[in-house]
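Let me begin by presenting the structure, written as C-alpha cells, before commenting on it.
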Number of protein chains: 2
Amino acid sequence: MGRTQTFETARVVRAALGVFWRSGYEAASVPALEAATGLNRSSIYHSFGSKRGLFDAAVQAYLDDVVRPRLRPLLADPVAPGAVVDYLTGLRAALVRPGEIQADSGCLLVNASGAPISRDDAVRQTVADYRAELRAALGRGVDARFPGRAESERDRLADLCTSLVVSAFALVRVDPHSAVGSLDSALMLLERPRS
Amino acid sequence: MGRTQTFETARVVRAALGVFWRSGYEAASVPALEAATGLNRSSIYHSFGSKRGLFDAAVQAYLDDVVRPRLRPLLADPVAPGAVVDYLTGLRAALVRPGEIQADSGCLLVNASGAPISRDDAVRQTVADYRAELRAALGRGVDARFPGRAESERDRLADLCTSLVVSAFALVRVDPHSAVGSLDSALMLLERPRS
DNA sequence: TAGTTTGTGTACCGACCGTTTCAGAATGCA
DNA sequence: TGCATTCTGAAACGGTCGGTACACAAACTA
C-alpha cells in the first residue's frame, strides 16, 4: 500500500454539495469547489475524476443526508397518522428559517431540473426518481392519515401534496411567501374533518 | 438623423428569447445569441447594451407574447365559466406536444427562479410578479367557474391551481409525465359536481 | 451632393473555464 | 531502510466567456 487519503471523503462531498446547491452545477466553478472542500484541483480530479463526478457524489449525499432523513418517518411501519403533517410542517419551518440553505437555495434537484444539466439523461432520471420517491413517501403518509378513504382519493391527495412540495421548492428563491403558501395549501388538504 | 435600423427589433428579441428559454441566462452564450438573431455582437451591444439588456427584453417578450395571450381569456369581463379549464387544457396540450418549446424547456421564469440569475433582485421581483399575475388570472377563472362558492374556498382553489401549474413547469424537462399529472390534478379540482 | 448620424463587421481585450501533466512530498508495507 | 503507492501542489493547456475599440458602410437631413 501507499499513502492513505488524508481528507474525509464524506466531509469533502458535503462541502461540494453546498456549492452545487447554492450555485447550480454549471455556475459552480472548480476554484469555488477547491475553496469549499479545502482540496486542490489535483486531488479533486484524482478522487472524483471530473467536476461531474463530484457533482454525482454530491447528489447522492443530498439524497442520503438531506432528503431521506426527512422522509424517514414516512417510511416507518406503521406510519404515524401525523407523519405527513409533520413532514410538511418541518419543511415549512426550514423554508422560513433565515440562513437555512433550503430557504435561500431551494432544492438541488428541482433547481437542476430547469438548468442545462437537465439535458443529461442520467440527471433527468435522477430527478424523476427523486420525485417518485417523494410521491411514494407522501402516499404512505396520506394512507396513514386517512385510512378510511378510498384509494383513488388518497392517490389524488398524495399527487397534490407532491406537486405542492415541488412548487414550493421551485419558487422559494424568488418568492418565499408563496412557497410557504404552497405548503400551507397542502396542510389544509390534510386537515381532518372536525369530529 | 442618420441611418435607420435595418432589423426588426421584435423579431430579434423573439429569437433571443428562444435561446434564453432553452439554455437559461447563464448558459446562453453571446455567439449563440448572434447566431439566433442574425446580429453581430456589435449590433447587439449597440441596441441592448449588454447580454443582460437583451435578456430583459426577452423576458418582456415572453410575458407579452407567450404568457399573457394564454391568460387573456381569464382576464375578459365577464370570464367564461370554462376559461380556467380551457387554460389548463391548452397548457397541458402544449406540454405534451413534441418539439414544442414549452414541452422541452418549461417556463423561462420558473427556470430562472432556480438559476444563479435569481440572485438578482430585479429578476426575483419579475418572477414573483409573474406568479402573482398567474394567480390573479386563475383566481378570476375559478370565481367564474364556481360563483356560488365561498370566497375562501375559491381562493384556496386558485392557490392550488397556481401551485400545480408552477410544479408542472418545474418538472416538464425531466418528467413530462408527472408534469401533465399536476395539470390533471388541477383539472380534477375544477370538475363540477354532477347535476 | 455634403455632412452628420447611426448601424455593422473585424479584431482583440483580459478573465475565467474545466482539465491535464508532472514532479515531488507523504505515508503505507516488507 | 527501501520500495511502492498514493496524495498533493504548481503550472500550464486550449478554449470560451462577456465586453470593447475602431474603422467603415449605410442612409437620413439639409
Side-chain angles (χ1 to χ4, degrees), chain A residues 1-59 108 111-112 115-120 122-123, chain B residues 1-59 108 111-112 115-120 122-123:
Chain A
M1 294 294 290
R3 183 177 176 184
T4 53
Q5 193 175 263
T6 62
F7 58 88
E8 201 185 339
T9 302
R11 192 195 53 76
V12 164
V13 171
R14 236 178 292 121
L17 167 58
V19 177
F20 285 123
W21 198 344
R22 266 177 265 264
S23 311
Y25 175 75
E26 297 83 6
S29 71
V30 174
L33 292 167
E34 291 185 86
T37 59
L39 258 57
N40 190 279
R41 347 149 72 67
S42 142
S43 303
I44 292 179
Y45 278 84
H46 181 85
S47 301
F48 301 97
S50 63
K51 176 181 165 185
R52 175 59 191 276
L54 180 52
F55 177 73
D56 290 341
V59 168
L108 174 71
N111 293 347
I117 187 78
S118 72
R119 308 253 108 115
D120 178 284
V123 170
Chain B
M1 295 292 288
R3 182 179 177 182
T4 54
Q5 190 174 268
T6 63
F7 60 85
E8 200 184 338
T9 303
R11 192 194 54 75
V12 164
V13 172
R14 237 178 293 121
L17 168 57
V19 177
F20 285 123
W21 200 341
R22 265 177 265 265
S23 312
Y25 175 75
E26 297 82 7
S29 70
V30 175
L33 293 166
E34 292 184 84
T37 59
L39 259 58
N40 191 282
R41 345 151 68 69
S42 143
S43 302
I44 292 179
Y45 278 86
H46 181 84
S47 301
F48 301 97
S50 63
K51 176 182 164 184
R52 176 58 191 278
L54 179 53
F55 177 73
D56 290 341
V59 167
L108 174 72
N111 293 346
I117 186 79
S118 71
R119 308 253 109 114
D120 178 284
V123 169

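Residue numbers begin at 1 in each chain, while the letters A, B, ... track the order of the sequences.
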| message | For Ser43(B) and Tyr25(A), find the nucleotide of DNA chain C closest to each by heavy atoms; which residue's nucleotide sits nearer the 5' end? | response | Ser43(B)

| message | Once salt bridge (Lys or Arg N to Asp or Glu O under 4.0 Å) is applied, what residue pairs with a partner in residues 30-39 of chain B remain, sequence neighbours excluded? | response | Glu34(B)-Arg41(B)

| request: State whether Phe20(B) and Lys51(B) meet the cation-pi test: NZ (Lys) or CZ (Arg) under 6.0 Å from the six-membered ring centroid, and within 45° of the perpendicular axis. | output: no

| request: Could you walk me through whether Thr37(B) and Phe7(B) pass the side-chain contact (heavy atoms from CB on, under 4.5 Å) test, one step at a time? | output: CA-CA 10 Å; Thr37(B) 59; Phe7(B) 60 85; over 6 Å; no

| message | I need the CZ-C1' distance between Arg52(A) and dT20(C), as an integer number of Å. | response | 20 Å

| request: Begin from the C-alpha positions of Phe48(A) and Val12(A) and carry the test side-chain contact (heavy atoms from CB on, under 4.5 Å) through to its verdict. | output: CA-CA 11 Å; Phe48(A) 301 97; Val12(A) 164; 4.1 Å; yes

| request: Heavy atoms under 4.0 Å is the rule here; annotate nucleotides 11-17 of chain C 5' to 3' with B where the base is hit, S where only the sugar-phosphate is, and - elsewhere. | output: B-----S

| Nearest-Å distance for atom pair OH/C1', residues Tyr45(A) and dT19(C) | 5 Å

| field | Between dG18(C) (C1') and Phe20(A) (CZ): distance, integer Å | value | 12 Å

| query | Rounded to whole angstrom units, what separation is found between the CD atom of Glu34(A) and the P atom of dT8(D)? | reply | 12 Å

| If you measure from OH on Tyr25(A) to CG on Asn111(A), what distance do you get to the nearest 0.5 Å? | 16.0 Å

| task | For Phe48(B) and dG19(D), give me the distance from atom CZ to atom P, rounded to whole Å. | result | 14 Å

| query | About how many Å separate OG1 of Thr9(B) and CG of Leu39(B), when rounded to the nearest 0.5 Å? | reply | 9.0 Å

| task | Specify the separation, in whole Å, of atom CG of Leu54(B) and atom C1' of dG19(D). | result | 14 Å

| said: From CG of Leu39(A) over to P of dT6(D), roughly how many Å is that when rounded to an integer? | reply: 17 Å

